[in-house]
Trainee: 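Before I ask anything, let me first share the structure, which is written out below as structure tokens.
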Amino acid sequence: MPSSQTLVVKIGTSSLTQTPSGHLALSTIASLVETLSSLRQQGHRVILVSSGAVGVGCARLGLTERPRSISMKQAVAAVGQGRLMRVYDDLFTTLGQPIAQVLLTRSDLVQRSRYVNSYRTFRQLLQLGVIPIVNENDTVAVDELKFGDNDTLSAQVASLVNADWLFLLTDVDRLYSADPRSNPDARPISLVDKVAQLAELQVEVGDRGTHWGTGGMVTKIEAARIATTAGIRTVITDGKTPPNLTRILQGEDLGTHFAPQPPLANARKRWIAHGLVPAGRLYLDEGAVKAIVQAGRSLLAAGITELEGEFQPQDAVQLCDRTGKEIARGLVNYSHNELQKIRGKRSDQIAAILGYEGAETVVHRDNLVLSLA
Ligand SMILES: Nc1ncnc2c1ncn2[C@@H]1O[C@H](COP(=O)(O)OP(=O)(O)O)[C@@H](O)[C@H]1O
Ligand SMILES: N[C@@H](CCC(=O)OP(=O)(O)O)C(=O)O
């Protein structure tokens, strides 16, 4: 194993807090801090994505349920985030390890200039030997532009910094064929070559997490999909024993490993694939699907049969086959209004239909990324 790797470690509320009080699980946090500081000392670049702001805020305010309304959640997160960072800073400082707080919203990654800026900030912090501690900026995030859960956020951050590993620390030791809490016979899964396999294996992932957690396994699988398609090995493992991270890096078979896929070499294409939120869907006929997937061509208006969503030129859209399966995503050259008029038409008819000369392609191949299963 190379001595200097970039590691993104995400820890969930269920590992950071005690049930049912919601108080911080201090021994787990201390052990996490020791492990991450030691990995840093060994020369690795380390980013921690930590949940817990809402859980800690609730405990501070004596609330026994995760808040439902957005304003309450935002207020509670504002209370909890400060306390969480104070605990981290005290513990990391004891070990002489500098840290930084990075609060992100989805829009920080959607806009290309902000995406590049966020990348530069992380790069600078890592060069300084700092461990950035990342969370969603819950206090200001609005629904439409939210990561919504820190599993997805951690995968986006891992893709942004081009990490080697993404560790998802949770309150089960690995992924099972079904939720082990309700299915004692659930089988442990140690290696997933492709996330698409999980559907074939009929793995049940439930749709919600524990009392304080948000996404359960669904969001962890989605995070693994994002990270592995960005070429990042992803591991789901137990959050209560952080020293396992070191053992995994030394080659021990702990947790569930998701094998990395060949990554996109082009940084801009990585941003299109992983940073953007699609604003619409274009449905393509068989010929267009073939031209894009097999021949690497641009998308022309002639191949579009249907569309959904409201989008403007340069927004991200999903390109789907007739069944709705996403085959690619990219930046569109026309608005949804324009596309309604020109879908199915030849390129030489566009000027006459719209009354002005438009782009030759609907999505140019330089702005298009194939979606891996
Ligand atoms: N197939 C599965 N394998 C393992 N755990 C599962 C599965 N399906 C659902 N779960 C549940 O997901 C929970 C972890 O999700 P969550 O509570 O959101 O954790 P975190 O706070 O770490 O993000 C586990 O406690 C487990 O009950
Ligand atoms: N940003 C939120 C975390 C949301 C979240 O994904 O929580 P979890 O499922 O426990 O990782 C918080 O700090 O409470």
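Order of appearance sets the numbers: ligands from 1, and atoms from 1 within every ligand.
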Trainee: Please determine, by modelled atom types, if Asn150 and Glu136 share a side-chain donor-acceptor pair under 3.5 angstrom.
Mentor: no
Trainee: Under a 4.0 Å heavy-atom limit, does Asn150 contact ligand 2 with its side chain, its backbone, both, or neither?
Mentor: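 The answer is both, backbone and side chain.
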Trainee: Any donor-acceptor pair under 3.5 Å linking the side-chain atoms of Tyr88 with those of Gln101?
Mentor: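 Per modelled atom types, Gln101 and Tyr88 side chains form no pair under 3.5 Å.
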Trainee: Parallel, tilted or perpendicular: which one describes the rings of His336 and Phe311, with boundaries at 30° and 60°?
Mentor: perpendicular
Trainee: Quick check on contacts: which atoms of ligand 2 are under 4.0 angstrom from a heavy atom of Ala53?
Mentor: 12 (C), 13 (O), 14 (O)
Trainee: Can you name the nearest heavy-atom pair linking Arg329 to Pro278, along with the distance?
Mentor: NH1-CG, 3.5 Å
Trainee: Using a 4.0 Å cut-off to any heavy atom of Gly12, which atoms of ligand 1 qualify?
Mentor: 20 (P), 21 (O), 22 (O)
Trainee: Among the heavy atoms of Lys10, does any lie under 4.0 Å from an atom of ligand 2?
Mentor: yes
Trainee: Only heavy atoms of Asp138, strictly under 4.0 Å: list the atoms of ligand 2 that pass.
Mentor: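 Result: 1 (N), 2 (C), 12 (C), 13 (O).
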Trainee: Report, in ascending order of atom number, the atoms of ligand 2 lying under 4.0 Å from any heavy atom of Gly12.
Mentor: 10 (O), 11 (O)
Trainee: Look only at interatomic distance and state if Arg181 has a nitrogen or oxygen under 3.5 Å from any nitrogen or oxygen of ligand 1.
Mentor: yes
Trainee: Got an N/O contact under 3.5 Å between Ser177 and ligand 1?
Mentor: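 In fact, backbone or side chain, Ser177 has no N or O that close.
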Trainee: Would you mind listing which atoms of ligand 1 come within a distance below 4.0 Å of any non-hydrogen atom of Thr13?
Mentor: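 In order of numbering, the contacting atoms are 21 (O).
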Trainee: Any idea which part of Arg174 is under 4.0 Å from ligand 1, heavy-atom wise: side chain, backbone, both or neither?
Mentor: backbone
Trainee: Is it true that Leu95 and Leu7 fall in one hydrophobic cluster, defined by side-chain heavy atoms closer than 4.5 Å?
Mentor: yes
Trainee: Under a 4.0 Å heavy-atom limit, does Met217 contact ligand 1 with its side chain, its backbone, both, or neither?
Mentor: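 It is both parts that get close, each with some atom under 4.0 Å.
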Trainee: For Gln349, look at atom CD and say whether over 12 heavy atoms of other residues, nucleotides or ligands are found less than 6.0 Å away.
Mentor: yes
Trainee: Which one holds for Thr170 and ligand 1: side chain close, backbone close, both close, or neither close, with close meaning a heavy atom under 4.0 Å?
Mentor: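 It is both backbone and side chain that touch ligand 1.
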Trainee: Would you say ligand 2 has an N or O under 3.5 Å from any N or O of Thr13?
Mentor: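 It does: an N or O of Thr13 is found under 3.5 Å from an N or O of ligand 2.
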Trainee: Does Ser15 come within less than 4.0 angstrom of ligand 1, counting non-hydrogen atoms of the residue?
Mentor: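 Flag not set, Ser15 not near ligand 1.
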Trainee: Give the single entry among Leu198, Val218, Asp179 that approaches atom 10 (N) of ligand 1 most closely by any heavy atom.
Mentor: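 Checking each option, the heavy atom nearest atom 10 (N) of ligand 1 is found in Asp179.
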Trainee: Indicate whether any N or O donor in one side chain lies under 3.5 Å from an N or O acceptor in the other, for Asp321 and Thr323.
Mentor: yes
Trainee: For ligand 1, which atoms, with element, lie under 4.0 Å from some heavy atom of Lys10?
Mentor: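 Atoms satisfying the 4.0 Å criterion: 23 (O).
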Trainee: With atoms numbered from 1 as shown, which atoms in ligand 1 lie under 4.0 angstrom from a non-hydrogen atom of Asp171?
Mentor: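 Answer, ordered by atom number: 13 (C), 14 (C), 24 (C), 25 (O).
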Trainee: Which heavy-atom pair separates Trp165 from His257 by the least distance, and what is that distance?
Mentor: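 For Trp165 versus His257, the nearest heavy atoms are CZ3-CE1, 4.3 Å.
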Trainee: Show me which atoms of ligand 2 lie under 4.0 Å from any heavy atom of Gly52.
Mentor: 12 (C), 13 (O), 14 (O)
Trainee: Decide whether an N or O pair under 3.5 Å exists between Ser14 and ligand 2.
Mentor: no
Trainee: I'd like to know if Glu326 and Arg281 make a salt bridge, using a cut-off of under 4.0 Å between side-chain N and carboxylate O.
Mentor: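 No salt bridge links Glu326 with Arg281.
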Trainee: Apply side-chain hydrogen bond (donor to acceptor under 3.5 Å, both in side chains) to the pair Tyr283 and Glu308, showing each step before the final yes or no.
Mentor: CA-CA 8 Å; Tyr283 292 87; Glu308 273 172 17; 3.0 Å; yes
Trainee: Taking all atoms of both residues into account, what is the closest heavy-atom pair of Gln314 and Leu331, and its distance?
Mentor: O-CD2, 3.7 Å
Trainee: For Ala178, counting its heavy atoms only, list the atoms of ligand 1 lying under 4.0 Å from any of them.
Mentor: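 Numbered from 1, ligand 1 contributes 1 (N), 2 (C), 3 (N).
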Trainee: Would Val54 count as a polar contact of ligand 2, with the cut-off being nitrogen or oxygen pairs under 3.5 Å?
Mentor: yes
Trainee: Determine, stepwise, if the pair Asn244 / Asp238 fulfils side-chain hydrogen bond (donor to acceptor under 3.5 Å, both in side chains).
Mentor: CA-CA 8 Å; Asn244 282 356; Asp238 174 28; 4.8 Å; no
Trainee: What is the minimum heavy-atom distance between Leu160 and Ser118, and which atoms define it?
Mentor: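 In this case the closest contact between Leu160 and Ser118 is CD2-CB, 4.0 Å.
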Trainee: With heavy-atom distances below 4.0 Å as the criterion, list the atoms of ligand 2 near Asp149.
Mentor: 6 (O)
